Structures are given as C-alpha cells and as structure tokens.
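Have a look at the structure below, then the notes.
Since this is a predicted model, take the numbers as computed values, not measurements. Residue numbers begin at 1 in each chain, while the letters A, B, ... track the order of the sequences.
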Amino acid sequence: MVDYDEIIKLSLERGFYFPSSEIYSDAPAGFWEYGPNGVGIKNRFMELWRKELVRKDGMIEIDGSQIMSKNVFKASGHLNNFSDPVIMCSKCNHTLRADKYINEKIGSDITEGVTNEEIDIMIKRYDLLCPKCMSKFNSSEKFNMMFKVEIGPNKEEAYLRPETCQTIFVDFSRLFKIFRGKLPFAIAQVGKSFRNEISPRQSLLRLREFYQAEIEIFCNPNHLDKLSKFEELNGTNLIIEIDSQVYELSAEEAVKKNIVPNKLIAYYLCLLTLFYEKTGINMKKTRFRKLKDNEKAFYASIALDFEVHTSLGWLELVACNYRSDYDLKQHSLLSKKNMEVIDPENQEKILPHVFELSLGIDRSIYAILEHSFFFDDQNKRRVLGLKPYLSPITVGVLPLTKNQEFESISKKIYKELIRNFDVYYDASGSIGRRYRRLEEIGVPYAITIDHTSLIDNTVTIRDRDTMKQDRILIEKIKPFLNENLDF
RNA sequence: GCGAAGUUAGCCUAGCCUGGUCAGGGUACGAGCUUCCCAAGCUCGGGGUCGCGGGUUCAAAUCCCGCACUUCGCACCA
C-alpha cells in the first residue's frame with residue numbers, strides 16, 4: 001500500500017519537495033520548496049493544463065501581482081469574511097471558533113458578520129466557559145487569514161492575495177476590450193496565493209504559500225444553456241456526488257436530469273475531467289462533490305469540489321464555484337468603474353456572471369505522485385509510474401559498463417539529446433542499480449550502450465513499466481522520444 | 001492554538017531510563033575489482049557533535065528549562 005509516508009519519504013530522498021529554510025530552527029511551518037524533480041513535474045503539469053484547458057478552449061492567460069491594495073479585498077469581501085471570530089481561554093489558552101461554540105451552546109444562529117462586541121455580550125449573558133478547564137474566556141478576536149504587508153515609507157496597507165482570481169476580476173474590463181471579448185470569455189492564471197493558516201499540515205496539502213491555477217469564465221447568465229461547444233464533449237463521463245448519493249453518467253444526461261444545473265458548467269466539468277484523466281490520476285477514485293450550503297464559500301452560489309481519493313481520504317483538488325456577478329459587482333461599486341459589457345451575441349448590456357475552476361497545483365502534484373507510485377514486488381522495485389510527458393527526466397543514457405568506447409558513444413548521444421529533452425547520464429554502479437534509480441523518479445525510458453552498439457550503431461531502449469528492451473538505431477532515438485512524449 | 005509522542009549523517013535506526021572509549025549499524029552515495037543487462041559480491045572512502053538555545057555537572061546525545069519543527073488526536077481548513 002502506498003501511503004502519505006511513502007510519498008513524503010520519496011520526496012525528501014529524491015528531491016521532489018522539502019521544507020523551506022530547514023537549516024534554521026525558527027523556520028515556520030507551511031512553507032515548502034520544490035526541488036529539481038518537483039519543479040520538473042510541476043512545470044509539465046502546468047504545460048498539460050495549458051494544452052488541455054487554456055488552449056483547447058481558447059482562453060487567455062495572464063500573470064498578475066501577488067500584492068494587491070486594501071480596496072481589492074474590501075470589495076472582494078475577504079477583509080470582512082475571510083476571518084473567523086476566535087475566543088481563547090484565559091487559563092489554558094484553549095482556542096475555539098466563537099460563532100460555532102455559541103451556536104452549539106445556545107442553539108441560536110449567529111450570522112457571518114457578527115462583531116467582536118456582540119460575541120463578548122453573548123458570552124457574558126449566557127455565562128459560557130472554557131469546555132476544558134471551565135475558566136473564563138478572554139475577549140474575542142478576529143483572525144484574518146490574509147497576510148498584511150506595508151507598502152513604501154508611509155506603510156500603506158496592502159495584502160498578499162489569498163486567491164489568484166482577484167487579479168482576473170480587476171483586470172477584466174481591459175482584457176475584454178483588448179481581446180475583443182465574446183461571452184463566455186475565459187481568463188486563466190497560474191500563480192502563488194497566501195493564506196495564514198492556523199495550523200498548516202501534511203506538506204503540500206495545506207500550505208501557507210501555495211500555487212493555484214485558476215480559470216474564471218465570464219458568461220451571460222441568460223445563456224448558460226446556449227453553448228454549442230457542449231456538443232463536442234457531452235459524452236464525457238462524470239462522477240457526481242450530491243447528498244451522499246453518487247451519480248455516474250454522461251454530461252448530457254447530467255444536464256437533462258438537472259444533476260448539473262446547466263450546459264456551461266457541465267462543459268467545463270468535462271474539460272476538467274479530460275485534463276485530469278491525462279495526469280495519470282485514477283479517475284475511478286475521483287468525484288465532483290456538490291457542497292452543502294454551510295460548506296460553500298461566501299461568494300459561491302453553486303459549488304462543486306473536484307475531489308480525489310488518497311491514502312488520507314478525499315482530497316479537494318479543484319473548487320468549481322458559480323460566483324454569479326458577486327465579484328464584478330463589488331469591484332465596480334467600490335472602484336466606481338462600470339464593468340458591464342455588451343454581449344456581442346445579441347447586443348444585450350450585462351454584468352457578466354462568473355464560473356470558476358480554482359485548481360490547487362500542489363495538492364494535484366501530491367495526488368499524481370500517490371496515484372503513480374507503486375511497488376513491483378516481483379522485481380523488487382519502487383516505481384513512479386508517471387506519464388512520460390509528466391516525468392521530470394525523459395530518458396537516461398547509460399553505458400552498460402565502464403568502458404572507454406561505451407562511454408564515448410554514450411556521451412555523444414547524451415549531448416545530442418540534451419538540446420531537446422531532459423536527459424540523465426549515469427555511469428556509476430551496476431546497470432540494474434541505475435535502472436532502479438531512474439524508475440524511482442519516474443524516468444520512462446533508458447538507453448543502454450553495449451557491445452553491439454560498437455558494431456552497428458544501435459542501442460537498447462528500455463521501457464520503465466514493462467522492463468522490456470528494444471534495439472533501435474541511434475538516429476531513431478529522437479523520433480522515438482518525440483512520438484512517445486506526445487499526448 | 002490545545003493535548004500526547006517525537007527530533008541522532010540524504011533516508012532508516014542503536015544508544016538516552018542507570019551521565020564518563022556510545023556516536024554504532026543499515027541503506028544511500030563515491031572510487032576500485034568484477035566486464036557483468038535488471039538494486040549481487042568483495043575492498044576502500046567521504047558524510048553526523050546527536051533540532052535550536054540555555055542550565056546542572058569535573059564531564060551530557062544521555063538530567064532540567066525554554067523555543068522551533070514534525071506526527072497523531074482536538075480545533076481550524078472561506
């Protein structure tokens with residue numbers, strides 16, 4: 001059984017990822033570095049995302065700032081809503097979510113926007129005490145999950161973005177004009193987001209600084225079922241869970257039976273499904289889970305999480321939220337910029353609605369590693385069965401033994417390939433050991449130069465998964481790799 | 001943030017209770033022999049001052065205190 005511990009061990013041993021600033025004892029939790037092999041997978045994962053979502057659907061991509069002004073988050077609601085009221089026991093420091101605790105104790109429904117004063121009054125009135133040691137609470141505080149930064153000598157208040165999509169919303173008007181937008185109009189972005197998590201855990205699964213790949217689809221809310229390109233994908237199989245009931249059916253049926261509310265959402269769920277199929281994640285262990293009202297983010301009216309089953313349970317990889325016109329409305333109110341557009345379809349003037357696919361890159365990388373890694377007991381090997389196009393190294397070049405002639409040919413081949421591929425040259429240790437080393441970091445192919453190579457200009461090329469070897473001409477190596485890297 | 005348990009070379013681990021040849025093993029890594037196509041064997045080699053800081057002591061990985069981090073549980077995870 002491959003579990004979290006195996007993956008973290010592999011990551012540390014082979015340089016996929018490791019804790020940041022680890023040589024210092026005050027290194028804060030929740031910050032991790034990608035090592036060479038991790039970057040290799042991450043970059044390839046992003047390339048796949050671009051091909052399967054951005055290019056396939058004709059989206060545009062931007063790369064925005066990580067620090068944004070206070071007003072952005074005033075408008076987005078993060079300044080008010082992205083925080084929890086917290087009460088701490090004066091004696092044992094036990095910390096609780098104030099609203100949850102009060103609701104649980106007195107059975108009333110405290111709303112999201114409750115103030116600290118209101119909470120303190122409630123605590124006093126009902127004489128609520130720490131459930132652990134029965135002492136009094138300190139006055140309540142709001143813990144905001146955003147990192148505050150100070151800009152310039154006057155220390156103007158700004159924040160590290162807690163989600164990348166706010167950049168897309170504030171840039172929307174300009175982009176729509178410049179790129180002669182038609183609805184639906186999709187804008188994509190890859191970048192870092194920052195959340196001051198109370199307790200980061202489990203390496204890449206809950207970070208304070210993390211990568212997101214977000215897609216915001218601006219659409220006409222009156223035309224959500226008018227999407228001709230839906231026909232291209234409507235046969236895609238979707239797995240959807242609603243209230244613990246699992247439905248597995250084609251996208252077309254899902255829309256017909258109103259399991260997915262409209263064609264636009266269904267279409268993008270299909271694109272996402274087809275993308276993840278190519279990452280090597282076992283799609284039988286995935287689902288779109290419809291969130292209940294109390295689980296949804298403050299801006300979402302319809303929310304589906306794309307989840308994958310791992311050794312740690314169900315893991316959320318992508319949040320698919322229908323945000324309505326919440327964000328554009330808020331930004332245009334506060335900035336006093338009109339963000340309405342004319343839908344070229346019918347000259348209707350509207351404020352577009354937004355459906356988003358907010359993808360967690362780091363979690364996806366973890367899920368891919370866990371779903372790809374396996375033990376081959378028969379051959380006593382640990383194999384990272386990555387898709388060739390996701391592997392950080394594509395091919396190993398190995399002289400069969402330490403032999404001058406083998407090595408000179410090997411180096412020539414290596415130099416020839418390195419211009420187009422990620423190649424690893426290795427001449428140390430027995431040939432079997434070198435194959436094992438490559439398999440563990442997911443290298444799909446290994447070229448071995450042997451006695452026959454000296455005579456007829458051929459090498460053997462070994463397949464990681466089957467361990468089978470074929471003999472091919474040296475000049476055929478490039479075409480072979482190109483063919484097998486295609487997806 | 002709370003509670004419990006941990007932190008010894010890239011990774012795993014012995015030792016800590018009973019302070020003084022206890023820093024040892026495995027694996028990984030490098031060189032060589034083997035010339036050998038799937039982690040073999042043999043020889044040699046580099047790498048740790050024992051999470052960080054302080055205290056007790058003639059003497060600390062070993063006892064005490066503080067801090068950081070990790071794991072698990074609780075809470076949190078819009």
Side-chain angles (χ1 to χ4, degrees), chain A residues 4-6 8-15 18-31 35 76-89 91-98 100-101 104 112 130-133 141 143-146 162-163 195-203 205-208 210 291 294-300 303 312 315-316 319 321 323 358 360 363 376 378-382 398-406 427-440 446-452 459-460 462 464 466-469 471:
Chain A
Y4 175 80
D5 290 339
E6 286 294 338
I8 193 91
K9 197 178 158 194
L10 175 78
S11 301
L12 291 171
E13 279 179 23
R14 297 299 180 190
F18 45 86
S20 179
S21 313
E22 61 179 340
I23 62 168
Y24 288 103
S25 63
D26 66 344
F31 299 92
S76 73
H78 285 89
L79 221 41
N80 286 324
N81 296 322
F82 204 57
S83 61
D84 299 321
V86 171
I87 38 173
M88 195 194 278
C89 171
K91 206 172 175 187
C92 71
N93 284 345
H94 186 57
T95 312
L96 289 163
R97 263 287 286 274
K100 289 204 172 178
Y101 185 60
E104 183 192 310
E112 275 239 333
C130 170
K132 283 215 166 159
C133 67
E141 283 175 43
F143 178 78
N144 196 295
M145 304 246 297
M146 284 197 293
E163 51 179 11
R195 295 180 192 180
N196 200 356
E197 295 284 353
I198 296 172
S199 52
R201 287 281 160 91
Q202 290 161 329
S203 60
L205 305 189
R206 203 189 312 163
L207 294 161
R208 286 181 165 139
F210 59 102
L291 300 191
N294 60 1
E295 289 179 302
K296 290 192 296 202
F298 60 84
Y299 46 70
L312 297 163
L315 186 64
E316 175 197 341
N321 295 310
R323 300 174 75 123
S358 172
R363 290 177 166 199
D376 177 354
Q378 203 182 346
N379 296 298
K380 288 187 185 156
R381 52 187 202 138
R382 295 144 46 94
L398 321 170
L400 182 61
T401 63
K402 283 207 170 165
N403 165 317
Q404 277 294 324
E405 290 180 283
F406 292 172
S428 84
S430 77
I431 190 69
R433 180 180 292 274
R434 281 177 278 159
Y435 289 145
R436 296 294 181 275
R437 273 200 281 250
L438 293 175
E439 290 165 341
E440 212 180 19
I447 287 165
T448 308
I449 292 80
D450 59 13
H451 299 95
T452 317
V459 294
T460 64
R462 174 184 184 271
R464 174 194 65 206
T466 62
M467 299 172 70
K468 289 216 172 87
Q469 290 179 299
R471 186 161 283 280

Thr448(A), Thr452(A), Val459(A) screened by side chain to side chain contact (heavy atoms under 4.5 Å, CB included) with Arg471(A), the one that passes
Thr452(A)

Given that Thr460(A) and Leu12(A) both sit by RNA chain B, which one's nearest nucleotide is further toward the 5' end?
Leu12(A)

Measuring to OP1 and OP2 of rC11(B), would you say a side-chain N or O of Arg14(A) lies under 4.0 angstrom away?
no

Nearest whole Å is fine: how far is rA75(B) P from Gln202(A) CD?
15 Å

P atoms of rU71(B) and rG24(B), separation to the nearest Å:
31 Å

Whole angstrom is fine here: how far is it from CD1 in Ile23(A) over to P in rU70(B)?
17 Å

Do any side-chain nitrogens or oxygens of Ser430(A) fall under 4.0 Å of OP1 or OP2 in rA40(B)?
yes

Glu13(A) side, atom CD; Glu440(A) side, atom CD - distance, nearest 0.5 Å:
6.5 Å

Atom pair distance, as rounded to whole Å: CD in Gln378(A) and C1' in rA39(B):
16 Å

Who pairs with rA9(B) - Watson-Crick or G-U, where each distance is under 3.5 Å:
none

Would you check if Met146(A) and Leu79(A) make a side-chain contact, meaning some heavy-atom pair closer than 4.5 Å?
yes

In this structure, how many angstroms lie between the P atom of rU70(B) and the CZ atom of Phe18(A), rounded?
16 Å

Does a side-chain N or O of Lys402(A) approach OP1 or OP2 of rG32(B) to a distance below 4.0 Å, or not?
yes

Between Arg436(A) (side chain only) and Arg381(A) (backbone N and O only), is there a donor and an acceptor less than 3.5 Å apart?
no

Give Arg462(A) one of three labels, base, sugar-phosphate or nothing, depending on what nucleic acid heavy atoms sit under 4.0 Å from its own.
base

Please determine if a side-chain N or O atom of Arg436(A) lies less than 4.0 Å away from the OP1 or OP2 oxygen of rA39(B).
yes

Under 3.5 Å, is there any donor-acceptor pair linking the side chain of Arg206(A) to the base of rC76(B)?
yes

Is there a side-chain contact between Arg195(A) and the phosphate of rC76(B), meaning an N or O under 4.0 Å from OP1 or OP2?
no

rU62(B) to rG51(B) separation - C1' atoms, rounded to the nearest Å
16 Å

Assign Arg208(A) to base, sugar-phosphate, or nothing according to its heavy-atom contacts below 4.0 angstrom with the strands shown.
nothing

Quick one: does Arg195(A)'s side chain have a donor or acceptor within less than 3.5 Å of a partner on Pro162(A)'s backbone?
yes

Against Glu439(A), only a single residue in Arg462(A), Arg464(A), Arg14(A) fulfils salt bridge (charged side-chain N to carboxylate O under 4.0 Å, His left out); can you say which?
Arg462(A)

Which is true for Lys380(A) with a 4.0 Å heavy-atom rule: it touches a base, it touches only sugar-phosphate, or it touches nothing?
base

Using the P atoms only, state how far rC69(B) lies from rU27(B), rounded to an integer number of Å.
35 Å

Rounded to whole angstrom, note down the C1' distance from rU7(B) over to rC52(B).
11 Å

rC38(B) base / Asn379(A) side chain donor-acceptor hit below 3.5 Å:
no

So if I take every side-chain heavy atom of Lys9(A) and compare against rC11(B), rC37(B), rC69(B), which nucleotide ends up nearest?
rC11(B)

Quick one: Asn403(A) CG to rU34(B) P, roughly how many Å, whole number?
13 Å

How many whole angstroms separate atom CZ of Arg382(A) from atom C1' of rA28(B)?
11 Å

Please give the distance between the P atoms of rU43(B) and rG19(B) as a whole number of Å.
38 Å

Name the nucleic acid region contacted by His78(A), choosing base, sugar-phosphate or nothing; use a 4.0 angstrom heavy-atom cut-off, strictly under.
nothing

Glu13(A) CD to rA39(B) C1', in whole Å, measures 14 Å

Taking atom P in both rA9(B) and rG53(B), compute the distance separating them and give it to the nearest angstrom.
15 Å

Spacing of CG belonging to Asp450(A) relative to CG belonging to Leu398(A), to within rounding of 0.5 Å:
11.5 Å

Give none if rG30(B) has no partner; otherwise give the nucleotide forming a Watson-Crick or G-U wobble pair with it, both distances under 3.5 Å.
rC44(B)

Pairwise C1' distance for rC33(B) and rU8(B), with rounding to whole Å
34 Å

Could you check Lys468(A) against Tyr24(A) and say which one's nearest nucleotide on RNA chain B is further toward the 5' end?
Lys468(A)

Check: rC76(B) base within 3.5 Å donor-acceptor of Glu197(A) side chain
no

Check the phosphate of rC38(B) against Arg433(A), side-chain N and O only, distance under 4.0 Å to OP1 or OP2. Yes or no?
no

On a whole-Å scale, what distance lies between the P atoms belonging to rU21(B) and rG10(B)?
25 Å

Evaluate the side-chain proximity of Met467(A) to Tyr435(A): yes if any heavy-atom separation is below 4.5 Å, no if none is.
no

When the distance from CD of Glu22(A) to C1' of rC11(B) is rounded to whole Å, what number comes out?
13 Å

By the 4.0 Å heavy-atom rule, please label Ser428(A) as base, sugar-phosphate, or nothing.
sugar-phosphate

